[in-house]
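The next block holds one structure in the form of structure tokens; read it before the comments.
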Amino acid sequence: MTNMSRDVLHTLSSTSIEKCMSCGRCSASCPVADEMNIMPHQFVALLKRREVEKLMESNTLWKCLSCFACIERCPRGVEPAKIVEASRLAVIRQQGESHISADEIPKYLESESDLPQQLLVSAFRKYRG
Amino acid sequence: MSVGEFKPLVVAFCCNWCSYAGADLAGTSRLQYPAEVKIIKVPCSCRVNPLFVLRAFQKGADGVIICGCHPGDCHYSTGNYYTRRRITLLYSMLDYLGIEKGRTHLEWVSAAEGVKFATVMNKFVEQVYELGENRRLEDWRCKS
Amino acid sequence: MKRIGVFVCHCGTNIAATVDVVKVVEAAKLEPGVVHAAEYPYLCSEAGQNMIIKAVDEFGLTGVVVSACSPRMHETTFRKAAAKAGLNPFMVEISNIREQCSWIHKDSKDGTEKSIILTRAAIAKVHLNEPLHPGESKVTKRALVIGGGIAGIQTALDIAEAGFPVDIVESTPSIGGKMAQLDKTFPTLDCSACILTPKMVDAAAHENITLHTYSEIEKVEGFVGDFTITIRKKARYVDMKNCTGCGLCYEKCPVKKAPSEFEQGLIKRTAIYTPFAQAVPNVPVIDKTQCIKLKTGKCGLCEKVCTPKAIVFDQQDELITEKYGAVIIATGYDQISLEKFGEYSYNSPDVITGLEFERLTNAAGPTGGDLIRLSDKKKPRSVTFIQCIGSRDTSKRGKPYCSKICCMYTAKHAMLIRDKYPQIEVNVFYIDVRTPGKNFDEFYRRSAEEYGVNYIKGQVGKIIDQGEFLTLQSVDMLGGKRMDLQTDLVVLATAIEPVKSVRIIASMLTASIDTNNFMTEAHPKLKPVESPTAGVFLSGVCQGPKDIPETVAQAGATAAKVIGLLVKDKLMTNPCTAESNEKFCNGCSACTKVCPYGAIAYDDGIVHVNKALCQGCGACAVTCPSGAMDLQGFSNRQLMAEVDAICR
Amino acid sequence: MQELMKAKAQEMLSNGSVTRVLAWKKGDFETNPEPAFFTKHVDDMVYNQYCATNLSNFMVGVEKEEGKTLVFLKPCDTFSFNQLLKENRISRDKAYIIGVGCEGVKVIDEMQETGALLEKCNVCTKIKHMVYDELIGEDVTRRVTDDPLTRFKDIEAIEKMDAGERFAFWQGEFSKCIRCNACRNACPPCGCKKCVFDNDNYDTAQKANVTTFEEQMFHIIRAYHVAGRCTDCGECTRVCPQDIPLHLLNRKFIKDINALYGEFQAGADIETLGPLTDFNIDQDAEPSIVYDRG
Amino acid sequence: MYKIDKDNLPELFKFLTKNGTDVFAPVRKGNQVNFESFTDEVASTLDLDTLKTVRSPKDFVLPQVEHLFDATIENKQIKLETSPLADKPYVIFGVRPCDVKGIEVLDNVYLKDPVDKFYQARRAQGVIISLACTNPQQTCFCKSFNIDAANPQGDIAIWLINDSLNWKSLTDKGANLTTQVKHLLQESSDIDEVEACQKDIQLKIDALPYSRGLPLDKFTPDKLLEIFNDARWDELSKACIACGTCTFICPTCQCYDVKDYDAGKKVKRYRCWDSCMYSDFTLMAHGNSRNTQKERFRQRYMHKLVYHPDKHHGEFSCVGCGRCVNKCPSSLNIVKVIKSFEVDN
């Protein structure tokens, strides 16, 4: 994990984090920022300082809803959501196992919880290596 | 021509008020673009005569690019409107005669667009690289 | 036979770092016609120029090539040096081996080889240069200022003080511009009207200044020293001579539907109105889209009450054509529109911009100066300012630049609130507070430290108007937590941009303008107040965001430049003009049709070029099939010689 | 029609209203009449389907001579007359124009008819005289096609080829060129007093096509100089001894101008600005259109 | 006298090309027949029936462009390098009798001293195989210049009679070419077949419109001034548009201009055809001695009919091939000029 240098993440997220002027609008716009231990603007700042381990262990990877509000509001075109997504993919691929397994899905389907299938499909895409 | 790896020669006609200033801005911002590009300063893009474009190809150029002010920004108010028509017809004729389209280009670059100038030059030289040496519009006497 | 001297500059290390200057000199020596070649660390320096002057005498040079920085930097310097040595200045050619070679090619071999080629091209061109002598054209000793804000007024006053007549053209009914709308001005907090109105009155009273308010530029012809400009004075429907400014008419006017532009639309204004009390000229204007009389022929109340009978319903637009030597663009700015920034719900009455806040707190403003929420007219318990709305934004929605003045005026607003209503809590969301001027940072720190303004490093993602209060979904980056701050009134520090009409004025004057609609200056450091188009000068925000102190300082600089031009009796005209060779001219007069300046006249089989009008663009030289029409300084042979030298 | 013309010519010559008559004189073969000036009698004047020359071109020569000239112009020649008028090379009051009908001009090879008509006659849409004082026999003018686009068919054929084929095609055609300048001298708008190719003053003088480049250069620049001024009168193709289809070059410019800047027929009138001395700020296409249109 | 079948001509040409001799023969391309280098691709388009090629064989002995020398400059030192002389033998097949005479006229100019060594080298390498004109055209008037179309000159004469070629070598150059290809030829002795063909040609020539003899006797050197100042030149030259067509396709026009071309690294001096019809022909330091088209037009015909015969024992510089009659844009030509002098005024 440690040698996951910034460049790998940089290419994965295909966005240049140098553009960030740390204005904080991404975190301000993020609906789940308060539940994240590393807020989007901190995520980008830490990535700039290559402290990749903190990012990997943060719960931000799993809290992020990919609603892309941060991308929409960022005045400098930094696209924080893509960085989070890249880090999440890196974690999933790294550990070889995923955050959600196939056999968990049926229980969501039958139970009375009216989870929309689309949510399950996208969760499956996001959380499996 | 130097033997071995082919190095294209690109002649750029830049208008003094906008694109030449854009080139200078690219310089002050230290934006790299290939040394194959050589710039000739003309008062306005409307000063570029098709004779000069053909002359450049005859004498050994592999690509010719003309830069001028954005329509509406011309220092002489209507200069680049004429350039636009003349050069469209010239490029259309060259294409009609089978000359590769990639050898000629026209770009509007304002004095504030140093970045655009560098990107355009990089892209154009690369395009000329792919086309290789200018064979279809060459004068063999100027080559040996 | 041509005797050419080549001088290659090191420019310290700017050139020497990636170009082997000695090799360039050696290569230049081999060129035909070159009798002397030398290099020098700083050719543009006194010593460098003297070296050239000495060489001209010593080697009897007839042509000089300087391989150094861009001709746009020091062409005039080297031409003056040559002139000192008795050589015609137009026998000097510059080859640009810095901006267009050493700075952009890391590989020294490429850089050197290219410098040799560019020098060779300049040598080939000098071989064909002929001595050119600038012509002369007269200077009309009158200036035109477009825009009546503080920039226009100050420039006009300074020019008028020097004894030259100045016309100010202002599109709104009164001069004063944005500054008239402000309450206090930073950093000294003196009342904006108190320092502006005296200048407005001086401008109106000054015998050298004529005001054309409620007017626009219709047409521009000519060029530096000899502009012929037509001004359209829009019909005010009020006779300016006998109106006394008593104000009876706009008191009686029954129509009060149009939002007052001056009050940023916070209140409505009558059909016949003056923008604000201290308007100069204090003559009302009838808005023909509102006035019932003009629309349907009924009413006419204002005419009845007007004792001096100044109301003229059938007044027509008036076209005035005047000759000017110089034109100053001082068109000022507007705040950008916020319709693309839905997240700040600017449509809510309690979310206002900085200018609207100025009107709210202004004693002459719609609320007589007391700060209230526009929704329920109650006094706000807390006011929150948000910085950089639309500024420093590279997405298509906003402006990539910093608008420069917002941090200071927000600190001013915050300080004024805390001073007048100590119980109101004031927050400011900022990215970084930029207060670099003299006494500026002290001013900002006083507002934070002495007046307890709560500066929060962070931004607002979304504003939700919940009736009694507004919720700001925001983040406190230093505290590292998201916040949903509740406040009663939000003031957005909105980005500023040049007025939309400046693009039309720029194209009329063929002055270059950049993609953000700011006028491009001839050189950011060497010529900041002139446009590259000779005779066109820039004053105020039209050239770039700036505050009032800078604007007034720049206005003075612009005036100085204009005075420098108007004081001359005649101007040296550009000698690189077109010339027709009568032997080869077919008389087809295609050239007369493409000349933007109408400088070519056809008579009896051949054409003649009026050297005073010709600006040397070269359109005619290319239209002429037989090549009879050629351009001095950039002739067909010279340009082809450059092409040959480059391709050799 | 010929008799009517001769009678009119003789009448105007004798009553002195014109000093000379510009028409065709009988050649030593039935098929090779030559353009000629008649000053006294018009006995051996002829007009038939072998009279190909565009007489407007000769009016430039007599512009300086005093007295009026009676000239017989076919419908397509009148466009050239207008074009020369627009460029002050001739003056309207020095010419008395009789528009004559035209049944198409026959192609002659070795003094024999080949049975075909000139290329321009097969696509002719110029059936109305643009400028004239009088008309004789204009109703015989044959109407070939109403579709003005037939004349662009061959050009479209070439445009459909790929770049390599186009280059080979034109290389073949240009290599035939012997630089006899007949195309230049027969072309009414291409009548500079001193052509750039004859003029060493501008370092562009070029007497022979020494290399393939100079072949291309001559024809590109010649077509470019008459772009927007060429009335498509077909003289260049007719006079070329090497049968190079030169009209395909000039007509390509006409096709481009019509497509990009709106229908324009040079010589239709003497007021409208030529396409290359005019512009349209917002509608003019960008040069990159050449690359995008495939 | 030898015979060879028309169909195995290509084989003969291939044989010659194999051992180092270029072969040029009339080949049809589109509606034009010109001498082209004979290769397999063009074999099928060999055309011996069309009477005249568009460009005369002058091209082979006096090409439109001929490089003379290159000048280069090294550190301000100038170096000259003359172009190599022609050294490859070649054969021009199917040259008509008028063109053969045309080349002879050029020989009389370029091979007299001072001999033009470029021309001489080209001429020495060339073998001319002439072909009798079995069907002369309307525009021919070679008879007026006493050229016998029935028995062509050159190095080898050929009569094409129903698909077989009667081959007779006339000069030693012709002889040793014949020995070279002897194995492909068959001996033949039926002379009468050839004579019949010759009589037939002479009959056809006499029937041509121009053959009743042009008044060439009017053009004698002593009448030079009289012809020069004749008023008819005005009218004759009015329709001339000063293009160079007639001079460039004429087999006997022999004027050239010397030009330099700056190719950047070197300067190349070359000579190229010039036309007396051009405005810058004989452009001297002071200007041009012939300013009007009438003077230039007159110069061309005076040179062909008066000046050239004056210097070459009465040999006219025209061979009556009729190319100018066919190609002049204004239908002017030498025949009309000669005829117009028939009646002295």
Side-chain angles (χ1 to χ4, degrees), chain A residues 10 13-49 51 53-55 57-84, chain C residues 336 338 340-345 384-403 406-407 427-434 455-464 470-485 487 490 492-495:
Chain A
H10 188 273
S13 59
S14 76
T15 170
S16 58
I17 46 173
E18 296 78 18
K19 289 188 188 166
C20 171
M21 66 179 179
S22 47
C23 70
R25 241 176 235 151
C26 50
S27 304
S29 316
C30 176
V32 289
D34 37 23
E35 290 151 27
M36 294 178 174
N37 54 19
I38 297 182
M39 290 211 262
H41 74 275
Q42 293 165 324
F43 206 91
V44 172
L46 287 173
L47 188 60
K48 262 204 243 182
R49 281 192 278 289
E51 302 194 19
E53 306 74 28
K54 280 214 191 82
L55 303 183
E57 285 124 19
S58 73
N59 69 7
T60 307
L61 307 184
W62 317 109
K63 289 292 177 190
C64 164
L65 296 165
S66 317
C67 74
F68 285 177
C70 55
I71 294 180
E72 187 55 34
R73 298 275 161 70
C74 169
R76 310 299 292 190
V78 172
E79 297 175 335
K82 286 203 177 142
I83 302 172
V84 169
Chain C
I336 67 168
L338 290 175
K340 290 211 193 84
F341 292 88
E343 65 263 36
Y344 299 118
S345 33
T384 306
F385 293 85
I386 310 173
Q387 297 311 97
C388 303
I389 302 298
S391 289
R392 305 167 66 182
D393 182 332
T394 51
S395 72
K396 285 280 165 293
R397 302 196 294 171
K399 297 292 174 185
Y401 51 82
C402 158
S403 298
C406 334
C407 281
N427 316 305
V428 177
F429 281 99
Y430 69 91
I431 301 178
D432 27 47
V433 178
R434 294 178 169 186
Y455 274 84
I456 309 164
K457 164 90 177 115
Q459 274 292 296
V460 171
K462 191 172 182 48
I463 297 177
I464 307 122
L470 301 150
T471 314
L472 274 59
Q473 185 195 329
S474 52
V475 70
D476 168 7
M477 293 171 73
L478 299 185
K481 58 176 172 37
R482 262 253 305 109
M483 313 184 321
D484 286 326
L485 184 103
T487 182
V490 169
L492 304 174
T494 315

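Order of the sequence lines sets the chain letters (A, B, ...), proteins ahead of strands, with each chain counted from 1. In this text, all values refer to a predicted model and were calculated from it rather than measured experimentally. Atoms considered below: every heavy atom in the structure, side chains included; atoms not considered: hydrogens, waters and symmetry mates.
- The most heavy-atom pairs under 4.5 Å with chain C, out of M39(A), Q42(A), M36(A), come from M39(A).
- Contact check for H41(A) versus V475(C): side-chain heavy atoms found under the 4.5 Å cut-off.
- Proximity to chain C involves both the backbone and the side chain of M21(A), based on heavy atoms less than 4.5 angstrom apart.
- Sorted by first and then second residue, the salt bridge (charged side-chain N to carboxylate O under 4.0 Å, His left out) pairs involving residues 65-77 of chain A (not counting sequence neighbours) are R73(A)-E343(C).
- The heavy-atom pair separating M477(C) from S22(A) by the smallest distance is CE-O, 3.5 Å.
- Annotation: ring pair (Phe, Tyr, Trp, His ring centres under 6.0 Å) contacts of Y401(C) (sequence neighbours excluded): F518(C).
- Neither the backbone nor the side chain of C70(A) has a heavy atom closer than 4.5 Å to any heavy atom of chain C.
- Contact count versus chain A (heavy atoms, under 4.5 Å) is highest, among V460(C), D476(C), D393(C), for D393(C).
- In this structure, the side chain of S27(A) does not engage the main chain of R482(C) through any donor-acceptor pair within 3.5 Å.
- Between S474(C) and A28(A), the closest heavy-atom pair is CA-CB, 3.8 Å.
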